[in-house]
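Labels below follow one simple rule: chain letters A, B, ... track the order of the sequence lines, proteins then strands, and each chain is numbered from 1. Side chains are part of it too, since the values below use all heavy atoms of this structure and drop only hydrogens, waters and symmetry mates.
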2 protein chains.
Amino acid sequence: MGCAPMGHILYDEVMRYNPKNPYWFNRDRFVLSAGHGCMLQYALLHLAGYDSVQEEDLKNFRQWGSKSPGHPENFETPGVEVTTGPLGQGIANAVGLALAEKHLAARYNKPDIDIVDHYTYVILGDGCQMEGISNEVCSLAGHWGLGKLIAFYDDNHISIDGDTDIAFTEDVDKRFEALGWHVIWVKNGNTGYDDIRAAIKEAKAVKDKPTLIKVTTTIGFGSPNKANSYSVHGSALGAKEVDATRKNLGWPYEPLHVPEDVKKHWSRHIPDGAALEAEWNAKFAEYKKKYKEEAAELTSIITGELPAGWDKALPTYTPESPAEATRNLSQTCLNALAKVLPGFLGGSADLASSNMTIMKMFGDFQKDTPEERNLRFGVREHGMGAISNGIALHSPGMIPYCATFFVFTDYMRAAIRISALSEAGVIYVMTHDSIGLGEDGPTHQPIEHLASFRAMPNILMLRPADGNETAGAYKVAILNRKRPSILALSRQKLPHLPGSCIEGVEKGGYIISDNSSGNKPDVILIGTGSELEIAAKAAEELRKGGKGVRVVSLVSWELFDEQSDAYKESVFPAAVSARVSIEAGSTFGWEKIVGPKGKAIGIDRFGASAPAGRIYKEFGITVEAVIAAAKEVS
Amino acid sequence: MGCAPMGHILYDEVMRYNPKNPYWFNRDRFVLSAGHGCMLQYALLHLAGYDSVQEEDLKNFRQWGSKSPGHPENFETPGVEVTTGPLGQGIANAVGLALAEKHLAARYNKPDIDIVDHYTYVILGDGCQMEGISNEVCSLAGHWGLGKLIAFYDDNHISIDGDTDIAFTEDVDKRFEALGWHVIWVKNGNTGYDDIRAAIKEAKAVKDKPTLIKVTTTIGFGSPNKANSYSVHGSALGAKEVDATRKNLGWPYEPLHVPEDVKKHWSRHIPDGAALEAEWNAKFAEYKKKYKEEAAELTSIITGELPAGWDKALPTYTPESPAEATRNLSQTCLNALAKVLPGFLGGSADLASSNMTIMKMFGDFQKDTPEERNLRFGVREHGMGAISNGIALHSPGMIPYCATFFVFTDYMRAAIRISALSEAGVIYVMTHDSIGLGEDGPTHQPIEHLASFRAMPNILMLRPADGNETAGAYKVAILNRKRPSILALSRQKLPHLPGSCIEGVEKGGYIISDNSSGNKPDVILIGTGSELEIAAKAAEELRKGGKGVRVVSLVSWELFDEQSDAYKESVFPAAVSARVSIEAGSTFGWEKIVGPKGKAIGIDRFGASAPAGRIYKEFGITVEAVIAAAKEVS
């Protein structure tokens, strides 16, 4: 209720959008970072003429099957750009949207035609401000000079636990100035409509800095007894107080009834929006004629249609190719893809030289070089993930990747989960994926991380073993535009294994070698990533002893789960219970693969600081251990 | 190398410690938040006379079995207070250490005896500064007025990817002023020893604010060719450059050789430290005489010995007790424990009224009321977890709890992992633990979280089902001082089940009801938390049909795993393969319990926004589903 004036002015006066096509490319973007106030956004979308939110949806707020869930969800409600609710995510997404606009404008605008030209607006509250992620991304927004990002800070002094004074007494204005933002204070946000209008005008005039408009409001404004109280933060007013509020505000209408004069006032947005899009379409038609190549690229970005034959750019390898760490093989893929995918961009959280994520043909995206494609996130993993979500959701053909050490997915897990939930096809390039990183020790060595992501819905956890599998992992990641991918990559060198292939990765699990026949191996050895080599070596030894041994690469559990029963049976015949898995990570979940008669070799403790080879040996992640286990179970 | 002057002055001139007793209660605490520079700390500990770091350890830096791992680890190296490396954690731990000091000083100091009186020093770098968590905790440190927290900001302008200008151009000084800190700038940190001394003096004089001493240094100072370059950030100088550096600094000695005059200079810390502790011991002896009750409490905090009979304070329930949400039952436990455990304190990340975490007999810990025990973290989950680690590691008897919605463990996972790794017995009170929270929808509904923590080493994931199990979970959590606990608690009301008990929880899994005999049930139904009720109801129905049905509560997988084979067999006889589990979360990992012939009922997709009952029904988390599955498998 306190945000109603800002929301009203934005949707009724300021923003350029077409309600009948919520996906029009050049629309202004709006993000409600304070997602718990989503009823405001649903009401505005309804008034503005979006088909997604009908009167019925407003009545069925937070009910099964309605388009008005408890927090804004882009995958449920067209017109909602991103998924918010977990605090701080929205402002980070907005930074990503604004980055995408600045980048595309720099690449595609021409002296005679500005084909990319929109603002990104966001409303955030005290809760968002307290979250560390918002400081991370606002520091970057200031650094990058995202002048078309305009953030309204709903300064209502109330959070769930009471007055913000109990935990939040910092000087927010000063902090944002320190972060390089332009700051404006609207002292009366409840009724100061003209002040808000003037602030937006001023914000637009400042082109080299993002703007924070601090709008001091009263939470639950209009409610005579509950305004300015934490009891309205997450709870309904109650019937009695709603009545009192209606009287107080002079609003005589039925609940959720939109009076005719209000309807009439808002109805112009349907024709106006159509006109805006038509105007832009005409401009783009002209652009296509004049700038054929750029238009083709931009069309790919707008539609998400990948350029024909793009996957031919991916490298393939033979067992004779020199051994390489998969993080290096990943860099080869990134550089190959950068040449063929116009919307491909990304970077690392200050570990580019370790993650191997630089696209060598491009420079750094910076304030004055926004056309470049290497992003420098600094040591801000959480912000990096959420900014990448914003980039991915800007346009279907924007394909962001972002990188850090695999263990630091812990810093960005909330953003990764929102990638999965909001269908943002971000590619997470996660190197140093096990104890194999060695000396940095247990703080840097992931153990439970593979399991923890295998349990997360709608995400692809991929752990390639060599060059072909790394290429396959990228193929899968690029094709899955509505499902984020995490690539777990090694620091240490790995050989290219006979039998590995891109097509195998696409199935999630496949046989890389087998000396048995009739789908009846004596034992099945299963590995992922850097341990597939160990499984392969153990198989060689066991075969010398006369065993029929199958080696399976289980590079992605999710993809394998989606295969037909017949295919699964062809890889893991039910009759063969002698199974041994090896993975330098938690054995949690492996019981499903190896069964009660099999054995899972892994690590169910924290790591240690020492050279990688020594840790592998001490922890029993060895060829000898696989051979012993195989003999035990078969 | 750039931090050497600060480190030297701290350990040689400023800090009060006893090298022969690294655990002396009243020592000054030092935290190297920039943990990758740990060789400096090992060298200082060695010079100061700590037994933990011998010359051998310095030579075996980052090797198997040495006390000098790649990042500082408190559980490996006495004298190291906390575990750092993942950036930002250290400064957050330091805030927790300083909070503990301020709190204990307020509670236990007397007009005639200051028995708690130490400083907390921390060195942090650009990387820590960029992490959101550090903004969270520094905002709180300013809010709380932690005047005895003194942070050195090693401002070397270099991070791994190069000059910090590529991603970090904010005005750090101004930001810290906005956060309520006192800020001092030492412009020449390489050789300005007196400036550093003066800054520390000034910092100590400012008693109502924490101080940031920005020390501008040159990374790799002394190295003629690699100083001020990112190549020294995480890599060794190399033999040639080490030689050049030695020459440049006029250091003629062998590697790792400590010349006699240096040894002699530092040798005074052993007698000095012993004298400091002896002086304090004498003071505490006097304190014990004068303030018997307070001394007993403080002794419990210092030693970690729990007061006799503390667990009698925990409530128990019968099936006739009124149904309650486990979050409310948790509040009863928290309030009961607050009365008997002197070092018990905690709070929520702005959800106290939802998490039910207020200790009603206490007020809020605030700047001017530091003796109180309810902590108000604001919406800063990550900072909350890491501050709690610092509190827990201040003294063995400090028992912090912290709370948010279970799904938001994603925001604080990096801190939770460090709890587990660094043996900090923090209690994580995580409510709203499933789709049972209802209308807030999928952004707020945990799915994969139970599995993700079951896979994490050295942590206890507990999901109690009712009053007795909640009390049992707290008993386990309090007893496990070197293993953090996560309690997953319901928003919705739950009945008290016949057969539930505290002792059962201590075993992790146990039979709550069984109508079969001879350890041969027809089917075993397994549930956790809110779904144990569903399993119990299904059992009742199945028994009516003549089945022998056992119901097992699997409240903590980790504890159950630690039981004897005989006990496990008594709960899950190998011969009984007809097993059905039900849990409103990912089925990932359940295969281990139900086996290939059993069935795991759970949720392998994201949640939805609707009333809880409706979602349970739509997702098939029902009595009917359990009955159907039981019939299918048995």
What part of Phe176(A) gets within 4.5 angstrom of chain B, counting heavy atoms only: side chain, backbone, both, or neither? neither
Give, for atom CZ of Arg454(A) and atom CZ of Phe588(B), the distance between the pair rounded to the nearest 0.5 Å. 6.0 Å
With chain A, which of Glu73(B), Arg413(B), His382(B) has the greatest number of heavy-atom pairs at distances under 4.5 Å? Arg413(B)
Structural part of Thr83(B) lying under 4.5 Å from a heavy atom of chain A: side chain
Please check: side-chain N/O of Ser586(A) versus main-chain N/O of Asp604(A), any donor-acceptor pairing under 3.5 Å? no
Greatest number of non-hydrogen atom pairs under 4.5 angstrom with chain B, of Lys367(A), Gln366(A), Glu76(A), falls to Gln366(A)
Taking Thr77(B) for the side chain and Lys67(B) for the main chain, is one N or O donor matched with an acceptor at less than 3.5 Å? yes
Check the orientation of Phe405(A) and Phe408(A). Use parallel for under 30°, tilted for 30 to 60°, and perpendicular for over 60°. parallel
Looking at Lys592(A), Arg175(A), Arg417(A), which has the largest count of heavy-atom pairs under 4.5 Å with chain B? Arg417(A)
Specify which of Glu136(A), Glu131(A), Glu591(A) makes the most heavy-atom pairs with chain B at under 4.5 Å. Glu131(A)
Which atoms of Thr84(B) come close to chain A, meaning under 4.5 Å heavy atom to heavy atom: side chain ones, backbone ones, both, or neither? backbone
Do you know which of Ile133(A), Leu140(A), Thr169(A) has the most heavy-atom pairs under 4.5 Å to chain B? Thr169(A)
Could you have a look at Pro86(B), Gly85(B), Gly589(B), Pro69(B) and say which one has the most heavy-atom pairs with chain A under 4.5 angstrom? Pro86(B)
Most chain A-contacting option - heavy-atom pairs closer than 4.5 Å, from Gly441(B), Ser353(B), Gly180(B): Ser353(B)
Where do Arg380(A) and Met130(B) come nearest, in terms of heavy atoms and distance? CG-O, 3.4 Å
Could you tell me whether the side chain of Asn355(B) and the main chain of Thr357(B) form a donor-acceptor pair under 3.5 Å? no
Kindly confirm or rule out a cation-pi arrangement of Arg376(A) over Phe168(B), judged by NZ or CZ under 6.0 Å from the six-membered ring centre and within 45° of its axis? no
Counting only heavy atoms closer than 4.5 Å, note whether Leu179(A) contacts chain B via side chain, backbone, both or neither. both
His444(B)-His432(B) aromatic ring centre distance below 6.0 Å: no
Shortest non-hydrogen contact from Glu170(B) to Ser139(A)? OE1-OG, 2.6 Å
Quick one: what part of Pro72(B) sits under 4.5 Å from any heavy atom of chain A, side chain, backbone, both or neither? neither
Chain A contact via Leu87(B) - side chain, backbone, both or neither, heavy atoms under 4.5 Å: both
Between Gly595(B), Ala455(B), Ser452(B), Ala610(B), which shows the greatest number of heavy-atom pairs under 4.5 Å with chain A? Ala455(B)
In terms of heavy-atom proximity below 4.5 Å to chain A, should Ala608(B) be classed as side chain, backbone, both, or neither? side chain
Using non-hydrogen atoms and a 4.5 Å limit, figure out which bit of Gln63(B) sits close to chain A: side chain, backbone, both or neither. both
Below 4.5 Å, heavy-atom pairs only: which of Gly438(A), Ser68(A), Ser609(A) has the largest tally toward chain B? Ser609(A)
Please give me the minimum heavy-atom distance between Cys138(B) and Ile91(B), naming the atom from each residue. SG-CG1, 3.9 Å
Most chain A-contacting option - heavy-atom pairs closer than 4.5 Å, from Asp173(B), Thr164(B), Asp440(B): Asp440(B)
For Glu558(A), is it the side chain, the backbone, both, or neither that has a heavy atom closer than 4.5 Å to a heavy atom of chain B? neither
Counting only heavy atoms closer than 4.5 Å, note whether Phe377(B) contacts chain A via side chain, backbone, both or neither. backbone
For Lys617(B), I'd like to know if atom NZ has over 12 heavy atoms of other residues, nucleotides or ligands within 6.0 Å. no
Within 6.0 Å of NZ in Lys174(B), more than 12 heavy atoms from elsewhere: yes
Given the options Leu351(B), Thr409(B), Ile166(B), Ile416(B), which has more heavy-atom pairs under 4.5 Å with chain A than any of the others? Ile166(B)
With side chains defined as the heavy atoms from C-beta onward, is the minimum distance between Met456(B) and Met461(B) less than 4.5 Å? no
Between Trp557(B) and chain A, which part of the residue has a heavy atom less than 4.5 Å away: side chain, backbone, both or neither? side chain
Side chain / backbone / both / neither for Ala420(B) at chain A, heavy atoms under 4.5 Å: both
Heavy-atom pair of closest approach, residues Ile447(B) and Gly607(B): CD1-N, 4.2 Å
Kindly assign one of parallel, tilted or perpendicular to the pair Trp144(B) and Phe365(B), based on the angle between their ring planes and the thresholds 30° and 60°. perpendicular
Give, as side chain, backbone, both or neither, the part of Val407(B) having an atom under 4.5 angstrom from any heavy atom of chain A. side chain
Relative to chain B, which of Gly65(A), Pro596(A), Gly378(A), Pro611(A) shows the most heavy atom pairs under 4.5 Å? Pro611(A)
